[in-house]
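First the structure, in the form of structure tokens, and then the observations on it.
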Amino acid sequence: MADHNEDVPSSPPPIYQLPEWETITHPPKARQSLLGRILPSRNSTDGPLSISARPSTAFELDPPKESSGQASTLPIHAVSTTDIGAAKPTLGASLRRRLDSALPPYRTYFGRSRRFLFLCILLPAAIFLFVLTPLAIGLGVGLSRHSSSTENLPLPGNKAVFTGDLTYYEPDLGACGVWSTSSEDIVSVSHIIFDAASQGSDPNANPLCNRTIRITRDYVEAGEGNKSVDVTVVDRCVGCQATDLDLSIAAFTKLAPQDSGRVLGSWVWLD
């Protein structure tokens with residue numbers, strides 16, 4: 001029996017063609033990171049670097065997607081040469097242009113380059129003017145205030161007669177490094193003048209230690225008139241004002257009854 005398939009001509013393979021509404025008219029753009037959109041490429045020569053400061057629009061960050069079957073009618077923002085030229089220069093570039101116009105970099109100044117002029121002449125002068133000069137002025141003002149404040153304190157250099165409260169305490173080892181008893185004529189001066197006269201961190205070497213003070217008071221309680229006693233500085237009184245004195249019981253009872261507790265008296269430095 002004959003094979004009828006040999007008489008039938010073979011048909012060509014079917015050709016499939018995309019309809020017009022499925023044809024890709026806008027190929028997709030390459031994805032770019034957010035940093036790449038903001039900062040221009042190093043090899044880019046389209047415009048100055050200052051355009052990188054312009055924030056990207058919504059169309060640039062995410063291009064509109066086209067719906068299938070019809071072309072997109074949304075406007076696409078494009079950077080024109082007018083926008084690039086209108087971009088304002090940065091502050092650094094503006095200052096650099098002003099500097100170059102005032103001091104051109106290709107010229108020499110006093111036989112030196114502009115770099116040498118800035119680093120070796122202008123920079124040290126600015127440091128001296130804006131740093132060292134205010135420090136020197138502040139130091140001078142501080143020293144003058146310190147000297148003026150110590151002039152009014154009842155220190156040995158002040159020959160005036162001072163008036164203050166007289167109290168008594170039970171002495172032992174004082175700030176001058178000396179052991180004392182209640183039977184000795186000793187005194188503890190105010191911490192204000194003791195610290196003002198200090199010349200170091202060792203209180204035993206304070207210039208006020210072993211100095212002599214003469215105290216005078218009108219002994220009205222016994223009707224004996226003015227009484228005086230000479231006392232030696234051996235300690236520092238924390239609770240005393242500048243002109244107050246804290247005495248031993250033996251020195252206090254020569255000026256007032258012990259039960260008085262606190263009385264007013266006058267005193268001067270003897271040496």
Side-chain angles (χ1 to χ4, degrees), residues 132-271:
L132 298 181
T133 302
L135 287 177
I137 295 175
L139 182 61
V141 172
L143 292 177
S144 62
R145 288 182 178 178
H146 178 72
S147 60
S148 61
S149 62
T150 55
E151 288 177 359
N152 299 325
L153 291 178
L155 293 171
N158 195 335
K159 301 300 181 181
V161 178
F162 310 105
T163 302
D165 290 341
L166 306 178
T167 55
Y168 64 88
Y169 75 110
E170 187 68 31
D172 48 13
L173 179 62
C176 295
V178 179
W179 287 91
S180 304
T181 63
S182 298
S183 60
E184 299 178 78
D185 292 338
I186 53 94
V187 63
S188 175
V189 297
S190 171
H191 67 98
I192 299 174
I193 62 174
F194 192 89
D195 295 344
S198 178
Q199 298 178 353
S201 59
D202 185 9
N204 297 344
N206 194 293
L208 298 184
C209 292
N210 299 320
R211 300 292 294 263
T212 304
I213 293 176
R214 176 167 291 173
I215 309 171
T216 304
R217 180 182 180 269
D218 186 6
Y219 205 148
V220 294
E221 293 81 2
E224 299 180 2
N226 289 336
K227 292 289 184 177
S228 297
V229 61
D230 295 344
V231 292
T232 303
V233 177
V234 296
D235 204 354
R236 173 180 179 269
C237 177
V238 178
C240 296
Q241 297 299 318
T243 57
D244 294 344
L245 298 176
D246 204 11
L247 310 173
S248 63
I249 296 177
F252 185 85
T253 54
K254 293 178 181 179
L255 302 172
Q258 183 175 349
D259 57 2
S260 299
R262 182 184 295 269
V263 295
L264 196 65
S266 302
W267 58 276
V268 293
W269 293 98
L270 291 184
D271 51 2

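Computed from heavy atoms alone, side chains included, the values below leave out hydrogens, waters and symmetry copies.
- For D165, the salt bridge (charged side-chain N to carboxylate O under 4.0 Å, His left out) test picks out R262, with sequence neighbours left out.
- Of all heavy-atom pairs between N204 and G177, the closest is OD1-N, 3.1 Å.
- Residues forming a side chain to side chain donor-acceptor pair (under 3.5 Å) with Q199 (at least two apart in sequence, or on another chain): none.
- Shortest non-hydrogen contact noted between N158 and L153 is ND2-O, 3.5 Å.
- Heavy atoms only, all atoms of each residue included: A197 and P207 are closest at O-CD, 3.1 Å.
- Judged as a side chain to side chain donor-acceptor pair (under 3.5 Å), and not counting sequence neighbours, S260 has no contacts.
- By the salt bridge (charged side-chain N to carboxylate O under 4.0 Å, His left out) test, E184 is found to be paired with no residue, residues two or more places apart in sequence or in another chain being considered.
- Put simply, the side chain of T232 does not reach to within 4.5 Å of the side chain of V178, judged on heavy atoms.
- S228 OG to L255 CG: the interatomic distance, rounded to the nearest 0.5 Å, is 7.5 Å.
- Residue pairs meeting the ring-ring contact (aromatic ring centres under 6.0 Å, His included) criterion with at least one member in residues 239-271, sequence neighbours excluded, are F162-W267, Y168-F252, W267-W269.
- Applying the ring-ring contact (aromatic ring centres under 6.0 Å, His included) test to pairs two or more places apart or on separate chains, none has a residue in residues 174-204.
- The two atoms that bring V234 and S180 nearest to each other are CG2-OG, 3.8 Å, heavy atoms only.
- Residue pairs meeting the side-chain hydrogen bond (donor to acceptor under 3.5 Å, both in side chains) criterion with at least one partner in residues 241-252, sequence neighbours excluded, are T167-D246.
- Side-chain contact check for V231 versus I186: every heavy-atom pair is 4.5 Å or farther apart.
- The structure places SG of C209 at 8.5 Å from CG of D235, a figure rounded to the nearest 0.5 Å.
- Here the closest heavy-atom approach between residue A242 and residue I192 is recorded as N-CD1, 3.8 Å.
- Not counting sequence neighbours, the partners of V161 by the side-chain contact (heavy atoms from CB on, under 4.5 Å) test are S266, V268.
- Remark: S198 engages no residue in a side chain to side chain donor-acceptor pair (under 3.5 Å) (not counting sequence neighbours).
- In this structure, C176 and P203 have side chains that are not in contact, with every pair of non-hydrogen atoms separated by 4.5 Å or more.
- The side-chain contact (heavy atoms from CB on, under 4.5 Å) search around D230 returns T212, R214, L270, not counting sequence neighbours.
- Residues P156 and L208 meet the side-chain proximity criterion, which asks for heavy atoms closer than 4.5 Å.
- Of the possible polar contacts, one joining the S190 side chain to the C240 backbone as a donor-acceptor pair under 3.5 Å is found.
- In this structure, S188 and R236 approach most closely via the heavy-atom pair OG-C, 3.1 Å.
- Among residues two or more places apart in sequence or in another chain, the salt bridge (charged side-chain N to carboxylate O under 4.0 Å, His left out) test is passed with D185 by K254.
- Under the rule for a salt bridge (charged side-chain N to carboxylate O under 4.0 Å, His left out), the partners of E224 that lie at least two apart in sequence or sit in another chain are K227.
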